[in-house]
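One structure below.
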Protein chains: 2
Amino acid sequence: MNLFSKTGKMALGSRLRLFTGRITDDAAKIYELYNVDFSPKWFPVFFVLSTDGAKTITEIADDIGHSQPSVTKIIKEMEAAGIVAGNQKSKDKRRNVVSLTEAGGALAEKVKVQSGDIEVAIDEIISEATHNLWEALAEWEYLLDQKSLLTRVQGQKKLRESRDVQIVPYEDRYQTHFRSLNEQWISTYFKMEPSDSLALDNPREAILETGGKIFVALYENVPVGVCAMIKLEDPEYDYELAKMAVAPAVQGKNIGMLLGETVIKTARELGASKIYLESNTILAPAIKLYQKLGFQKVVGRATPYERCNIQMELNLKG
Amino acid sequence: MNLFSKTGKMALGSRLRLFTGRITDDAAKIYELYNVDFSPKWFPVFFVLSTDGAKTITEIADDIGHSQPSVTKIIKEMEAAGIVAGNQKSKDKRRNVVSLTEAGGALAEKVKVQSGDIEVAIDEIISEATHNLWEALAEWEYLLDQKSLLTRVQGQKKLRESRDVQIVPYEDRYQTHFRSLNEQWISTYFKMEPSDSLALDNPREAILETGGKIFVALYENVPVGVCAMIKLEDPEYDYELAKMAVAPAVQGKNIGMLLGETVIKTARELGASKIYLESNTILAPAIKLYQKLGFQKVVGRATPYERCNIQMELNLKG
DNA sequence: TATATTTGCATAACTGATTATATAAATAGT
DNA sequence: ACTATTTATATAATCAGTTATGCAAATATA
């Protein structure tokens with residue numbers, strides 16, 4: 001039985017490498033069959049030159065999707081074989097303008113015949129198969145342009161990991177985590193301020209008993225993230241989103257997003273119309289997160305924190 | 001616009017190479033993403049070891065479809081990384097029995113998680129596409145096992161070329177070709193005999209006027225092949241297929257087959273029931289052709305030719 | 001107009017595979 | 001029991017691509 005039906009799609013690269021080898025090996029033999037002194041790897045270069053005429057090395061590289069050194073090497077080989085001539089007229093002495101020689105032009109005719117036979121042979125395979133490889137390749141090229149395989153896997157990883165994350169309400173046993181997770185980032189980028197200690201040492205008194213809430217993110221049942229919503233006595237804002245912290249080891253698992261979403265959902269349930277927050281632009285990922293959650297920059301509200309250089313709000317009744 | 005939609009399928013190899021590069025580049029980054037110290041090329045080896053346990057280098061190479069030196073190198077790298085251990089117990093000191101170390105086993109768990117994410121990401125691409133690349137690859141692997149791309153192109157070349165071949169009846173202006181084409185192969189492998197000269201110098205008298213026929217194969221309107229059917233006065237055989245010759249330059253274009261088929265068709269139309277021929281086993285391609293045409297070996301008939309060491313017949317009313 | 005930057009190409013070193021070949025151990029043949 | 005052959009692996013050279021870097025010519029900038 002086939003290895004790849006067992007390995008699964010993780011081995012797509014290996015499978016493709018093997019398959020490509022098979023095709024290119026046969027390609028070399030096909031050129032022999034037609035008695036043309038031609039290396040298969042020359043073909044893309046040869047093709048653009050025979051359709052577009054003279055071109056520079058870099059232009060060819062861009063056209064065929066190879067690196068420039070690769071084209072330099074191929075052109076050298078083709079030059080040695082008498083198929084192309086380089087260093088054609090150009091005022092710009094850096095450029096190496098290449099075009100087919102007469103012999104190269106003659107070869108194009110031969111290659112056209114061969115190309116026809118290959119086209120038919122491959123179409124025969126395609127018609128025997130139910131899944132069209134040629135079309136599938138075109139589609140994949142397009143789909144990967146839109147969103148690379150890496151990005152797709154990254155997304156899937158985040159999604160899977162966020163399934164292992166639970167957001168739970170604060171309990172007193174989480175106080176040490178609430179404190180240490182916040183202390184960590186604050187003292188990394190800034191320094192602890194009096195208002196910090198007040199809230200972190202007595203979250204129940206400072207936050208919960210004044211009408212706020214705190215949420216804890218558990219990753220595989222370990223507390224790794226926290227976030228508070230503080231009740232504000234303000235004509236405009238109902239709550240402040242504050243004291244959000246995620247352990248560095250689990251960053252990138254969407255935990256901040258889950259905490260933020262929980263706060264917003266809860267505020268909505270409690271009938272709030274606007275949420276406020278304060279941050280610092282040095283914390284770029286945090287700002288980005290807030291923007292993703294829908295927060296927008298505002299100015300003018302007074303704040304007890306020195307480190308605050310940006311204020312944002314989210315309007316829940318838009 | 002995409003290069004490959006212009007080049008056509010001749011560039012399948014190039015397209016695959018580029019595409020494979022894209023996938024494997026991302027694969028390397030995906031391993032980084034999961035923080036596993038693992039090279040993508042190790043995966044097939046790793047996979048068979050983690051499912052099958054201990055194996056020798058050659059066994060692994062066979063399983064994964066790589067060359068043995070390739071596996072030797074991969075195993076060395078994996079050994080350096082502490083993932084596998086080689087030279088395990090074996091009486092046969094030539095064999096290098098390899099298996100996963102404890103660290104390698106632990107890695108398998110991590111890789112399984114990663115593999116799951118990749119599977120989902122790839123399935124996402126497959127579901128966005130209308131042509132299934134994964135299935136297409138499996139089908140092509142199978143179809144190419146049945147009949148390689150080279151063989152298919154070869155077949156198509158023959159077919160196309162045989163379309164440029166016309167089989168026409170003998171005319172006197174073809175006498176020099178009839179003579180020289182036959183002289184060429186006879187004097188290459190044997191020497192001309194009296195019966196040869198008789199027929200080649202006077203084909204009209206010797207063959208046509210005694211009730212036989214001669215056919216000439218024109219390739220691009222140039223005579224390149226000849227074949228005679230000689231009327232026999234024999235209780236068993238109606239005609240002898242003889243003096244078949246094809247110019248070396250156009251051999252492999254199915255011309256012998258076309259000449260033979262014309263003779264058989266004509267004999268059938270003339271009501272013949274058995275065709276006879278003489279040849280020599282040194283002419284392997286000719287014998288193979290006769291067999292393809294349906295001729296079978298027989299013995300016992302007298303012949304004027306020294307070079308004859310095999311006699312064959314074709315029964316038309318079988 | 002002198003200097004800094006950008007552009008176009010070439011070269012070198014590396015990568016992941018291959019084939020060809022060497023070498024040692026095991027097995028077969030006499 | 002000795003030699004010839006086969007088997008299992010390792011090593012070297014090659015291939016078709018890559019990235020990194022160097023260098024000279026052209027262009028932009030002060």
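In what follows, chains are A, B, ... by sequence order, proteins preceding strands, each numbered from 1. It should be emphasised that the depicted structure is a prediction, and the values quoted were computed from it without experimental measurement.
For A/R17, there are no salt bridge (Lys or Arg N to Asp or Glu O under 4.0 Å) partners at least two apart in sequence or on another chain. Here B/K41 pairs with B/E77 under the salt bridge (Lys or Arg N to Asp or Glu O under 4.0 Å) rule; sequence neighbours left out. For the salt bridge (Lys or Arg N to Asp or Glu O under 4.0 Å) test, no residue two or more places apart in sequence or in another chain qualifies with A/K288.
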Do any side-chain atoms of residues 22-34 of chain B form donor-acceptor pairs under 3.5 angstrom with protein atoms, and if so which ones, sequence neighbours left out?
{"residue": "B/R22", "atom": "NH2", "partner": "A/D145", "partner atom": "OD1", "Å": "2.6"}
{"residue": "B/T24", "atom": "OG1", "partner": "B/T20", "partner atom": "O", "Å": "2.9"}
{"residue": "B/T24", "atom": "OG1", "partner": "B/G21", "partner atom": "O", "Å": "3.2"}
{"residue": "B/D26", "atom": "OD2", "partner": "A/L149", "partner atom": "N", "Å": "3.2"}
{"residue": "B/D26", "atom": "OD2", "partner": "A/L150", "partner atom": "N", "Å": "2.8"}
{"residue": "B/Y34", "atom": "OH", "partner": "B/D117", "partner atom": "OD2", "Å": "2.4"}

N/O donor-acceptor pairs under 3.5 Å from side chains in residues 102-111 of chain B, not counting sequence neighbours:
none

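Along DNA chain D, read 5' to 3', the first and last nucleotides having any atom under 4.0 Å from a heavy atom of chain B are D/dT7 to D/dG17.
Within the 4.0 Å cut-off from OP1 or OP2 of C/dA17, not a single side-chain nitrogen or oxygen of B/S70 is found. Close to C/dG16, at under 4.0 Å from its OP1 or OP2, lies a side-chain N or O of B/K41.
Within the structure, salt bridge (charged side-chain N to carboxylate O under 4.0 Å, His left out) contacts touching residues 127-140 of chain B (residues at least two apart or in different chains) are A/R152-B/E128. Pairs passing the salt bridge (charged side-chain N to carboxylate O under 4.0 Å, His left out) check and including a residue from residues 60-75 of chain A, sequence neighbours excluded, read A/K55-A/D63.
One interatomic measurement links the two molecules: CG of A/D25 to P of C/dA17, which rounds to 14 Å at whole-angstrom precision. Atom CD1 of B/I60 and atom P of C/dA17 are 14 Å apart (whole Å).
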When every nucleotide of nucleotides 3-14 of chain C is labelled 5' to 3' by its protein contacts under 4.0 Å (heavy atoms), B for base, S for sugar-phosphate only, - for none, what sequence of letters results? ----BSBBB---
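A/E119 has no carboxylate O lying under 4.0 Å from a charged side-chain N of A/K112, or vice versa, which leaves the two without a salt bridge.
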